[in-house]
There are 2 protein chains.
Amino acid sequence: MQNEIDNVDLGILRLLQKDASLTNKELSFKLNKSIATIHERIRRLKEQGYIKKIVAILDRKKIDRNLISFSQVLLNDHTQKTLNEFEEQVTKFPEVMECLQMTGAYDFILRIATKDMESYHDFYRNKLATLANITTVQSFFVLSEPKSETAYPI
Amino acid sequence: MQNEIDNVDLGILRLLQKDASLTNKELSFKLNKSIATIHERIRRLKEQGYIKKIVAILDRKKIDRNLISFSQVLLNDHTQKTLNEFEEQVTKFPEVMECLQMTGAYDFILRIATKDMESYHDFYRNKLATLANITTVQSFFVLSEPKSETAYPI
DNA sequence: ACTGAAAGATAGTAGGC
DNA sequence: GCCTACTATCTTTCAGT
């Protein structure tokens with residue numbers, strides 16, 4: 001079993017990133033391969049970890065997540081212990097959709113989804129700000145989303 | 001047709017956000033409803049826009065997107081024309097996965113996915129920096145991803 | 001609104017090229 | 001590695017409650 005990827009695999013990944021509800025039959029037509037071939041390719045792409053998961057993307061406004069905040073966090077120090085503790089605790093908060101350790105002036109960027117500014121404030125005061133070793137938190141809020149993609153162009 | 005959502009709908013959304021390859025049969029078992037009911041609920045959730053799309057999430061490192069940058073962009077002015085032009089042009093770049101207009105010191109945050117620092121540099125010099133009306137670009141790079149979720153806890 | 005069952009479509013498997 | 005053909009399973013529809 002080789003670990004290289006060809007144009008058929010790329011085509012499958014390209015299409016499934018945009019719409020994973022496409023059937024093998026539809027893929028086989030678009031990519032000029034038999035259904036069985038498509039089936040086997042998808043099995044391999046999952047097995048080899050190219051496809052991590054298939055998920056439903058929801059309209060966040062419909063489920064009352066109207067406010068997205070990006071919060072840049074600076075910690076007091078950067079010992080293994082402090083970093084691990086912060087990560088462990090902050091990733092437990094359901095409001096935190098994303099926690100990324102970054103280069104630059106701040107240590108982490110958090111993407112935080114809440115119902116509105118009031119619930120963000122509540123999260124900030126009663127959850128985020130209670131964590132140990134935080135020096136600074138700088139928050140920005142999303143005004144509009146001209147582009148938001150999960151699909152990598154490949 | 002009512003636009004309210006009940007516990008069965010919530011259960012479906014909760015499960016499909018995590019794994020949209022679940023069959024109606026599996027959902028019907030987990031939620032104690034008939035297959036036909038699940039089927040009808042999902043149809044409605046799509047029709048009403050709760051479920052925007054079903055997508056495959058890829059492992060970006062497997063497809064050679066090893067570097068993620070967050071770039072904060074400040075524009076020269078904030079006329080309708082300048083904002084629209086910037087949005088229109090920056091969203092066309094395939095490297096730009098996300099373009100968010102923000103409150104605060106900067107106007108936009110971009111999430112940029114490239115192969116490595118060299119290809120980021122190429123993008124920056126030959127694409128992003130060529131756009132009109134940019135005052136400042138401040139970029140940070142992802143070191144690690146302690147948490148990265150597409151599923152809202154509901 | 002929910003259900004069970006029928007009909008049609010798709011996924012998954014196996015054997016041959 | 002790709003295909004056709006087969007079987008199991010799933011989706012989709014619909015009459016009945």
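Quick caveat: nothing in here was measured; it's all calculated off a predicted structure.
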For A:Gln17, the option from A:Thr150, A:Ile51, A:Ile154 that meets side chain to side chain contact (heavy atoms under 4.5 Å, CB included): A:Ile154
Atom pair distance, as rounded to whole Å: CZ in B:Phe29 and P in D:dT9: 16 Å
Rounded interatomic separation in angstrom, taking CG from B:Asn7 and C1' from C:dA1: 16 Å
Residues B:Lys92, B:Glu87: salt bridge by 4.0 Å N-O rule: no
B:Ser119 and B:Asp122 side chains, donor-acceptor separation under 3.5 Å: no
Nearest-Å distance for atom pair CD/C1', residues A:Glu47 and C:dG12: 15 Å
Contact under 4.0 Å: A:Arg43 side-chain N or O vs C:dA11 OP1/OP2: no
A:Phe141 CZ to A:Met117 CE distance, which is reported to the nearest 0.5 Å: 4.0 Å
Reported CG-to-NZ distance for the pair A:Asn133 and A:Lys81, which is rounded to 0.5 angstrom: 7.5 Å
Interatomic distance where CG belongs to A:Leu45 and P belongs to D:dG1 [whole Å]: 12 Å
Atom pair distance, as rounded to whole Å: CG in B:Asn24 and C1' in C:dA9: 14 Å
For atom CG of B:Leu31 and atom C1' of C:dA1, their distance in whole Å: 16 Å
Between D:dT12 (C1') and B:Lys46 (NZ): distance, integer Å: 12 Å
Interface residues of residues 32-41 of chain A with DNA chain C (non-hydrogen, below 4.0 angstrom): A:Ala36, A:His39
Atom pair distance, as rounded to whole Å: CZ in B:Arg44 and C1' in C:dA1: 10 Å
Atom CG of A:Asp77: over 12 foreign heavy atoms under 6.0 Å: yes
